[in-house]
2 protein chains.
Amino acid sequence: MKITSRFTVAVHTLLVIHTFGKTEKVTSDFIAASVNVNPVVIRRTLSSLKAAGMIDVKAGSGGARIVKDLESITLYDVYKAVDSVDGGLFHFHENPSPACPVGRNIHAVLDGHLADAQAAMENELKKISLASLTRELQANLP
Amino acid sequence: MKITSRFTVAVHTLLVIHTFGKTEKVTSDFIAASVNVNPVVIRRTLSSLKAAGMIDVKAGSGGARIVKDLESITLYDVYKAVDSVDGGLFHFHENPSPACPVGRNIHAVLDGHLADAQAAMENELKKISLASLTRELQANLP
DNA sequence: CATATTGTAATGTTTGACATTACAACAATG
DNA sequence: CATTGTTGTAATGTCAAACATTACAATATG
């Protein structure tokens with residue numbers, strides 16, 4: 001009943017690549033050490049971010065690199081890239097009774113409102129760019 | 001990674017009580033038949049809604065009754081009453097490395113934005129009253 | 001009191017997320 | 001061109017949370 005940690009892991013991953021990309025070879029092991037998860041989890045994350053055109057990953061030699069302007073990547077893009085929510089955010093009970101007037105119409109009555117609520121959340125994510133996060137990160141450094 | 005179906009079950013439950021309250025004794029079995037879940041699930045739901053002051057349930061003799069103006073109950077109130085989300089909506093990876101400048105600051109950078117997104121969703125739920133849902137339900141009846 | 005129903009504890013079942021192991025494909029370097 | 005370090009990904013394991021179900025005591029009403 002929560003949104004997957006894949007999302008925060010992916011944001012973390014992008015921030016690590018951005019922060020260390022100039023001075024280090026940013027491998028899945030390197031990122032995994034900062035996020036504190038298994039490197040394979042990071043490889044899967046990298047794979048999603050790559051498919052979304054945000055980064056480039058060198059198989060074999062290793063290392064990830066950002067290839068899209070961070071100003072143009074929003075939290076929503078990352079959220080979508082790693083598939084944070086599969087289908088609707090709300091879990092609807094499966095089989096309302098068609099024999100009951102309420103059961104028969106509950107979807108018609110509720111679905112739209114639930115979709116609106118989900119959209120409101122997602123629109124909020126669209127407001128935040130990765131670039132602004134890197135600025136906030138800078139501001140927090142000692 | 002989804003919000004509990006307790007929420008949609010609770011909304012469904014209130015609509016059933018409202019729709020049939022005048023003509024039938026609305027027991028947990030009756031509601032369970034419309035929602036299509038085990039009656040115990042409904043009893044737990046009724047328990048939460050009662051604790052929130054929305055309904056009254058008669059132990060022993062049976063039957064639930066709405067005791068709060070539906071105009072003044074929003075989807076958000078129901079969502080809160082049944083505890084649809086425990087803690088934050090987003091699942092954060094547990095142990096970012098304090099040794100890494102990104103790991104050390106990722107919470108400071110992200111937490112606020114995630115809270116804002118969740119709040120946007122919840123504010124949307126606050127806009128919808130149960131009374132308006134009963135009107136939509138009426139409109140959908142044959 | 002007999003009956004129907006609620007309240008709730010205890011337990012079982014299932015699903016999904018996340019972790020981990022394993023290894024083939026691959027790219028750079030000496 | 002063999003070695004080394006890394007990615008890509010499949011297969012499998014582990015665990016927690018949601019939901020279902022059983023069981024029964026407590027309760028109200030005719």
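No hydrogens, no waters, no symmetry mates; every other heavy atom, side chains included, goes into these values. Convention: sequence-line order gives letters A, B, ...; per-chain numbering from 1.
As a whole-Å value, the separation of A:I31 CD1 from D:dT6 P is 12 Å. For the pair B:I42 CD1 and C:dG7 P, the interatomic distance rounds to 13 Å; values are reported in whole Å. When the P atom of C:dC18 is taken as reference, atom CZ of A:R44 falls 10 Å away, rounded to whole Å. We find that CG of B:L46 is positioned 7 Å from P of C:dG7, with the value rounded to whole Å. One atom, CD of A:E94, and another, C1' of C:dT14, lie 13 Å apart when rounded to the nearest Å. In this structure, CG of A:N38 is placed 9 Å from C1' of C:dC18, rounded to the nearest angstrom. As rounded to whole Å, 12 Å separates atom P of D:dT6 from atom CZ of A:F30.
Proximity of A:L133 to B:L110: side-chain heavy atoms (C-beta onward) are separated by under 4.5 Å at one or more points. When side chains are defined from C-beta on, B:N36 does not count as touching A:E94, because their heavy atoms never get closer than 4.5 Å. Residues A:T8 and B:H91 form no side-chain contact, since every pair of their non-hydrogen atoms from C-beta on lies 4.5 Å or further apart. Side-chain contact check for A:L75 versus B:H113: some heavy-atom pair is nearer than 4.5 Å.
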Worksheet, complete the sentence: Protein-proximity profile, nucleotides 24-30 of chain C, B/S/- by nucleotide at the 4.0 Å heavy-atom cutoff, equals --BSS--
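Here the side chain of A:S47 pairs no donor or acceptor atom with the backbone of A:R43 at under 3.5 angstrom. Put simply, the side chain of B:T4 never gets that close to the backbone of B:R6: no donor and acceptor are under 3.5 Å apart.
Listed in residue order, the members of residues 8-29 of chain A having a heavy atom less than 4.0 Å from DNA chain C come to none.
Distances were taken from every side-chain heavy atom of B:R6 (C-beta onward) to each of C:dC18, C:dT8, D:dC19; the shortest belongs to D:dC19. Closest to the B:V40 side chain, of the nucleotides D:dT22, D:dT9, C:dA19, is D:dT22.
Residue B:V57 is in sugar-phosphate contact alone, with no base atom involved, counting any heavy-atom pair closer than 4.0 Å across all strands shown.
For B:K50, no side-chain nitrogen or oxygen approaches OP1 or OP2 of C:dT6 to under 4.0 Å.
A salt bridge links B:R135 to B:E71: one of the charged nitrogens lies within less than 4.0 Å of a carboxylate oxygen.
Qualifying ring-ring contact (aromatic ring centres under 6.0 Å, His included) partners for A:F90, counting only residues two or more places apart in sequence or in other chains: B:F7.
More than 12 heavy atoms of other residues, nucleotides or ligands lie within 6.0 Å of NZ in A:K68, so this atom counts as buried by the packing criterion.
On a pure distance criterion of 3.5 Å, a polar donor-acceptor pair joins the side chain of B:R43 and the base of C:dT8.
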